[in-house]
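One structure below.
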Amino acid sequence: MPRWRRTHTCGELRESHIGQTVVLNGWVNTYRDHNIFVFVDLRDRYGMTQLVFEPERGLELFRQAQELRSEWVIAVRGTVARRLPGKENPDLATGTVELKVEDMQVLNRCPTPPFEVVEITEEAKERKREKVREKGKELEGREEQLANEELRLQYRYLDLRRPSLQRILGLRHRLNKVIRDYLDARGFLEIETPLLGRSTPEGARDYLVPSRLFPGSWYALPQSPQLYKQLLMVAGYDKYFQIARCLRDEDLRADRQPEFTQLDLEMSFVDREDIFHVIEGLTAEIFQKCLGVTIPLPLPRLSYPDAMLRYGTDKPDLRYGLEIVDLCGVVPQTEFRVFHEAVASGGKVRGLNARGAAEAFSRKGLDELTEHAKRFGAKGLVWIKVEGDKLTSPIEKFLPPPAQQALRQALGASPGDLLLIVADQEEIVCQALGNLRTRLASLLNLVDPNKPDFKIAWIVDFPQFLWDDEEKRWVANHHPFTAPLEEDWEKLERDPAGVRAQAYDLVINGYECGGGSIRIHNPELQARVFAVLGMTPEQARQRFGFLLDALRYGAPPHGGIALGLDRWVMILAGTTNIRDVIAFPKNQKARDLMTGAPAPVDPKQLKELGL
RNA sequence: GGGGGCGUAGCUCAAUUGGUCAGAGUACCGGACUGUCGAUCCGGUGGUUGCGGGUUCGAGUCCCGUCGCCCUCGCCA
């Protein structure tokens, strides 16, 4: 091999190397056999270099070159040469030179791959289109499309050869490095915590691991290192972080995998502002070093109630407006029974203004919007088209002139606008309008996928508890160790719904990218919170005894946050599919199509585990 | 568990209302070609239309079931 060890990578050669004898190793990306020349684009993760084979270098070598096929692995030795004038390839970083091959070793052959690994850049496509146009031919409808994702996941090692996936994994590496450097420079310690732990109630479904030595007992894989990091605070490791794998046995989504990675972080002797400060600095650093984008600081903050009112969600996409407006004040002037009934029964009437969108939606389009709203529990959707000084709507006859005037004013309506209104219980109004808002943004192309735009905000003042109608009890909104706002402590027992938590989420472009809180460091307060959650002291002791004990042994005030790194990479990379940012992801049923996991095991293994 | 979408050649897709429709591009194989770069040109191989059943003179197309994949609701402290 030493004779064939590469001297350069496939992305490296430039005009300065002209005349040098070099060795390249890589995969055959494409080959072009011209009878008297063979061109090969040799690819590795650094780039691509054009190889030229000519018969005068030896017929044996040339015949070998004609045999080359996609994805063969080869080593070549040759002389770097300037390309002929006018034959440069502007799509390649190495496009001014080529390698005149003098010797070659086929390191491995490859059967015809199940799908093409070759990736054509947008620039190359555009150049091709231009060429076709010059020749006066019609542009053929041949657009590159990726093979079925199922197939690509099955042959993940082939799909991962694609430059765009290699770029994303490179970005992911860079993100990890920026985080480690940033936190290291500020005195944080990276500490690992166990994967085999104890199952805790509340929260997501655990992945369980049977114990061989204690038949019938189980470890749980961590949903997050939450408890351990609090214990580290008690232990005096006042600035901790970990890039930690977390596992939750819940159903998957486009932005959710059963195993994912968090930047887990915790600090002692801090309040919310200290956490914000660290994370805002880190956020700016990440965007600067990964994308060269400057994020203005401090980051804006939005209270949970405000977010719910204006955007219908606690993770609003702030890249566009379409803000929701409360219209309860306008209802008395209308004669629409549905509005009056909603308000009378404690519900809300709210709407939003899709500016200039009246033309964009036909009757059919409006029906589709209505269907969309209904999917989230709304009984209907009121639409109003603003046409000059006239309002066109199915409920027009219930809107006397004063009501029309008031609606226009409340929603800031101008001619050409489309107003959409939902009346129902508040939760449903929020869900319906919140989802309508994102739907409209997509239909109206309010977000340009090719123009990087990052709107980052903190969501604060979450409620401490939510009522679980199924279990008929209060559940922790964030988690049971979150500290309530001090001024709300007195409400704990008499008005749980009114207790605000010292919790915060970090939202980027509509994705929840982080969440954390100031924790409870006082065992009495912790016991009171457990009580609200319906846990008896005995249950609390049984489940979290070690934490309650630790809090008694000199726990410092502390708090922290966890960032969902997979989602960060998604946003940095501009993809909407979490599988694009994980080297070996699971499919939607949590299967690994490449290895076949999960799979049955040998009965012998089960017997050893007492199963 | 519910809702929606998809499944046709190795790959990406097409195939009026059920009626020579099983096709195109690409890949692959063979040939031509003195500078290509998604090479081009000529020719060829390649299909149990996911699987099973049904309706029909006739099913890729309609019906029922089933499997797989994607999106989504529930779920995800």
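Here is how names work: the chains are called A, B, and so on, in the same order as the sequence lines, proteins then strands, and each is numbered from 1.
At whole-Å resolution of the value, CG in A/D255 and C1' in B/C75 are 13 Å apart. Distance, A/Q588 CD to B/U72 P: 8 Å, rounded to whole Å. With rounding to whole Å, A/R82 atom CZ is found 21 Å from B/G35 atom P. The nearest whole Å value for the distance from the CD atom in A/E56 to the P atom in B/U34 is 13 Å. Rounded to an integer number of Å, the gap from CD of A/E149 to P of B/C11 is 15 Å.
Two residues, A/D91 and A/N577, neighbour RNA chain B, and the one matched to the more 5' nucleotide by heavy-atom proximity is A/D91. Both A/Q226 and A/K586 sit near RNA chain B, but only A/K586 has its closest nucleotide nearer the 5' end.
Donor-acceptor pairing under 3.5 Å, judged by distance alone, is present between the side chain of A/E98 and the base of B/G35. With hydrogens and angles ignored, a donor-acceptor pair under 3.5 angstrom links the side chain of A/R256 to the base of B/C75. Interface remark: the A/Q50 side chain does form a donor-acceptor pair with the B/U36 base, using a distance-only criterion of under 3.5 Å.
Of the side-chain N and O atoms in A/N35, one or more sit less than 4.0 angstrom from OP1 or OP2 of B/C33. Taking 4.0 angstrom as the limit, A/R32 places none of its side-chain polar atoms (N or O) nearer than this to OP1 or OP2 of B/U36. The shortest distance between the side-chain N/O atoms of A/R152 and the OP1/OP2 oxygens of B/C11 is not below 4.0 Å.
Here the separation of B/A9 from B/G52, taken at their P atoms, is 15 Å to the nearest Å. One P atom belongs to B/C11, the other to B/U49, and the distance between them is 15 Å to the nearest Å. Across B/U12 and B/G44, the matching P atoms stand 25 Å from one another, rounded to whole Å. As rounded to the nearest Å, B/G38 and B/C73 have C1' atoms that lie 42 Å from one another. A distance of about 28 Å separates the P atoms of B/G58 and B/C6, rounded to the whole Å. Rounded to a whole angstrom, the distance from the P atom of B/U26 to that of B/C37 is 14 Å. For the P atom pair drawn from B/C42 and B/C57, the interatomic distance equals 46 Å after rounding to whole Å.
Note: A/F376 and A/H372 have perpendicular aromatic rings, judged against thresholds of 30 and 60 degrees for the angle between ring planes.
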Check against side chain to side chain donor-acceptor pair (under 3.5 Å), A/Q464 and A/T482
CA-CA 8 Å; A/Q464 177 90 13; A/T482 300; 5.4 Å; no
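A/R256 CZ: more than 12 foreign heavy atoms inside a 6.0 Å radius.
Here A/R591 lies in heavy-atom contact (under 4.0 Å) with sugar-phosphate atoms only. At the heavy-atom level, A/E88 lies under 4.0 Å from base atoms of the strands shown. Here A/R69 lies in heavy-atom contact (under 4.0 Å) with sugar-phosphate atoms only. Residue contacts shown for A/R375 are absent, as no nucleic acid heavy atom lies under 4.0 Å away. Here A/K100 lies in heavy-atom contact (under 4.0 Å) with a base. Across all strands shown, A/D249 has no heavy atoms under 4.0 Å from either base or sugar-phosphate atoms. Among the heavy atoms of the strands lying under 4.0 Å from A/P114 are primed sugar atoms or P, OP1, OP2 only; no base atom is included. If you check every strand for non-hydrogen atoms under 4.0 Å, A/F260 touches nothing. Residue A/N89 is classed as a base contact, given a heavy-atom separation below 4.0 Å to a base.
Centre separation under 5.5 Å together with a plane angle under 30° holds for the ring of A/F39 and the six-membered base ring of B/U36, marking them as stacked. In this structure, A/H34 forms an aromatic stack with the base of B/A39, since both conditions hold: centre separation below 5.5 Å and plane angle below 30°.
In this structure a side-chain-to-backbone donor-acceptor pair under 3.5 Å is missing from A/R437 to A/Y311. Counting only distance, with no hydrogens or angles, the side chain of A/R83 and the backbone of A/V97 share a donor-acceptor pair below 3.5 Å.
Remark: of the listed residues A/F39, A/F53, A/F62, A/F39 is the sole one forming a ring-ring contact (aromatic ring centres under 6.0 Å, His included) with A/H34.
Taking the six-membered ring for Trp and the full ring otherwise, the centers of A/W474 and A/W467 sit less than 6.0 Å from each other.
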